[in-house]
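Notes follow once the structure below has been shown.
Chain letters run A, B, ... following the sequence lines, proteins first, then strands; residues in each count from 1.
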Amino acid sequence: MKYITTAIAYLNGAPHVGHALDFLLADVLNRYQKSRGETTFLQTGTDEHGQKVASKAKALGISPQELCDENSALFRALWQDLDAKYDYFIRTTNPNHIKNCQEIWLKLAENGLIYKKPYHGWYCEGCESFITETEAREKNFTCPIHNQPLQEISEDNYFLKVTALIPQIKAAIERGRALSTLDALNGETTARSVGTADPSDDQYLKILPDFRASEILNLLEKSEDVSISRPKSQVSWGIPVPNDPDQTMYVWIDALSNYLTTGHWPASTQIIGKDILRFHAITWPAILLGLGLPLPRLLLTHGFVNVDGTKMSKSLGNVISPTEVIARYGTDAFRFYFLKYIPTCDDGDFTWAKYDAAYNDLANTLGNLVSRLANMNNKYFAGLIGTQNEQSIDKSDDSLPNIVKSLAKYHHFMQNLDFSDALTELFNHFRDINAEIDAAKPWTLAKSDDTLPELRNLLENWSSRVATLASALAPFLPTTSQKILAIFQPEKTVYNGEILFPKPETTTP
RNA sequence: CGCGGGGUAGAGCAGCCCGGUAGCUCGUUUGGCUCAUAACCAAAAGGUCGUUGGUUCAAAUCCAACCCCCGCAACCA
């Protein structure tokens, strides 16, 4: 069983292309693993509690639950728009989730990992948030946004004893680091008793990309216990702390434990953005170890999507909505851009010009190849050209681009979760076929009966390879893949002249 | 001296671990082709590989120092 999770989206705003990237990575992995015969379960959802949601709802004059209902629906709709599929969509306002959180809290408390202590901080009423000691000092204890003095507040909070578990977390990350991605995904670990640093512990947590693991190992050196509650007066919209009516759970246990709800734990892959890595690589393992549960096997950390080289932000007003982008060229084009042109583990950039260029790449390299090939099959052999089975393709000719080699590379990249490289590999092979067609000059071969058998052979070979590559393309471009496979069938070619990726009359930047 | 990432052709990137003719995609120019979506194919132009120094027969690659950009620094995917 491969259990895949996405980060759950915080509901204080509408979905943007960054969320879409997160979801797509999960969907591609899910589809790929399924195609390899794995049983999978993909969970996503929305994180709905917290003061920001409460404030926003208040500003809109609706209840927090109403706001959550509305926004949560937007995220569900995004999955649909992306042609991405989840098995379960969790909402942290679900009654069963709330009950789970309270049980988890009690268990952690029972295991001696929760304690109460006063928390000191500098608070700005305008921002409704605390500012770190250092930052407060830098700003002369005045909020630069609201231009009013910060208040020194001391309140009681519950804390999670993360520090007690740091040695185990560190060891697990180091063990994960030593494993290949494939081994990490397929490995098994056993849960250990709480709070032990048993030397025979086999728990591991692989973090991708590797430099993120360094980042975390560094951070672990100076990690402190984490505050996991707030006075109810401060955070009204949240899960009540069991046995303490004055306190509300503050983000961690509430949001992170969503992954446990459906009972498929441990996750095989958790997909997260780089901003929440530390919570998934430190706080979350601490909670799991505190509960005696196994760690997730792999954390895939992706970067951010910038717009025109700048960070997307509401204040800059440059937030791109996925719906808007999908409207331009459709779902598969959207998936293509975000999976090929945005590096899987690094920051990427979105601009309309780049998006148009990527669409041209898709239309010219793949769309045009399909249509030129299908047309030739129709024109020269009335469509009576089928695909050959895989074994007969490129049998031993090393001088030709070898489909077997391409597929091997593709699988290698997929198994290492290098999705953009895997897609690039497939497109390189499409390019190769385009070049071969030009070199073989089929239109010349068609002119003489003597060369017709040779032409038939070539067309069969190309059609077969395109079909094979189209199958491999399925996790990325599900609709396109199906369309191509419907054209190049085992016994014949069925093509009605449909243009896979039509270009607009004028391409505006 | 907080931590991390990066600086390679007009743009976006690979190559660096394991030193040996600097590569890919897009763009530009020229040529070719006609099966095809004004597409496809080929060729060319375009780079002092951030700077300086060191090691070496040989450095984009290893070492040292420095400069610049970008993240993170307790809930922005």
| note | The answer to which of A:Lys340 and A:Pro502 contacts RNA chain B further toward the 5' end, by nearest nucleotide, is A:Lys340
| query | Of A:Ser223 and A:Ile276, whose nearest nucleotide on RNA chain B comes first from the 5' end? | reply | A:Ser223
| request: Would you classify A:Gly13 as touching base, sugar-phosphate or nothing, given that sugar-phosphate means primed atoms plus P, OP1 and OP2, and contacts are heavy atoms under 4.0 Å? | output: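 Contact class for A:Gly13: none.
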| Checking all strands, does A:Asp275 fall into the base, sugar-phosphate, or nothing category for heavy-atom contacts under 4.0 angstrom? |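 Result for A:Asp275 = sugar-phosphate.
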Tell me the partner of [N], counting only Watson-Crick (N1-N3 plus N6-O4 or O6-N4) or G-U wobble (N1-O2 and O6-N3) with both under 3.5 Å; none if nothing fits.
| N | result |
| --- | --- |
| B:rU52 | B:rA64 |
| B:rA44 | B:rU28 |
| B:rC35 | none |

With [atom1] as the reference atom in both, quote the distance from [N] to [M] in angstrom, rounded to an integer.
| N | M | atom1 | answer |
| --- | --- | --- | --- |
| B:rG47 | B:rG12 | C1' | 15 Å |
| B:rG10 | B:rC57 | P | 35 Å |
| B:rC1 | B:rG19 | C1' | 31 Å |
| B:rC49 | B:rG7 | C1' | 10 Å |
| B:rG15 | B:rC24 | P | 15 Å |
| B:rC18 | B:rU29 | P | 44 Å |
| B:rA9 | B:rG46 | P | 14 Å |

Side chain of [X], heavy atoms from C-beta onward: which of [options] has the nearest atom to it?
| X | options | value |
| --- | --- | --- |
| A:Tyr380 | B:rA77, B:rC35, B:rC40 | B:rC35 |
| A:Trp252 | B:rC75, B:rC35, B:rA77 | B:rC75 |
| A:Ala357 | B:rC35, B:rC41, B:rC26 | B:rC26 |
| A:His16 | B:rC26, B:rA77, B:rG71 | B:rA77 |
| A:Asp438 | B:rU37, B:rC35, B:rC75 | B:rC35 |
| A:Asn364 | B:rC40, B:rC26, B:rU37 | B:rC40 |
| A:Ile499 | B:rC35, B:rU37, B:rU25 | B:rU37 |
| A:Lys52 | B:rA77, B:rC76, B:rC35 | B:rC76 |
| A:Ala435 | B:rC41, B:rC40, B:rU34 | B:rC41 |
| A:Phe304 | B:rA77, B:rC75, B:rC35 | B:rA77 |

| Parallel, tilted or perpendicular: ring planes of A:His19 versus A:His16, cut at 30 and 60 degrees | tilted
| When the ring planes of A:Tyr329 and A:Tyr359 are compared, do they come out parallel, tilted or perpendicular, using 30° and 60° as the limits? | parallel
| Do A:Thr5 and A:Gln270 have a side chain donor and acceptor closer than 3.5 Å? |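 Looking only at side-chain atoms, A:Gln270 and A:Thr5 do form a donor-acceptor pair, the distance falling under 3.5 Å.
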| message | Is it the case that the side chains of A:Asp225 and A:Thr163 hold a donor-acceptor pair, with the cut-off being a distance below 3.5 Å and no angle test? | response | yes
| Looking at residues at least two apart in the chain, or sitting in another chain, which of them share a side chain to side chain donor-acceptor pair (under 3.5 Å) with A:Asp438? |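 A:Asp438: side chain to side chain donor-acceptor pair (under 3.5 Å) contacts with A:Arg372.
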| task | Compute the centroid of each ring, for A:Phe89 and then for A:Phe75, and state whether the two points are separated by less than 6.0 Å. | result |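 No, ring centres 6.0 Å or more apart.
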| request: Check each of A:Leu417, A:Asn30, A:Thr344 against A:Leu25 using the side-chain contact (heavy atoms from CB on, under 4.5 Å) test, and report the only one that passes. | output: A:Thr344
If you look only at distance, which donor and acceptor atoms sit under 3.5 Å apart when one is on a side chain in residues 251-260 of chain A and the other is two or more places apart or in another chain?
unit_1   : atom_1 : unit_2   : atom_2 : d
A:Trp252 : NE1    : A:Ser227 : O      : 3.2
A:Asp254 : OD1    : A:His97  : NE2    : 3.1
A:Asp254 : OD2    : A:His49  : ND1    : 2.7
A:Ser257 : OG     : A:Ile253 : O      : 2.5
A:Asn258 : OD1    : A:Gln43  : NE2    : 3.1
A:Asn258 : ND2    : A:Ala255 : O      : 2.7
A:Tyr259 : OH     : A:His280 : NE2    : 2.7

| query | When you check every protein heavy atom under 4.0 Å of nucleotides 3-16 of chain B, what one-letter string (B, S, -) results, 5' to 3'? | reply | SSS-----------
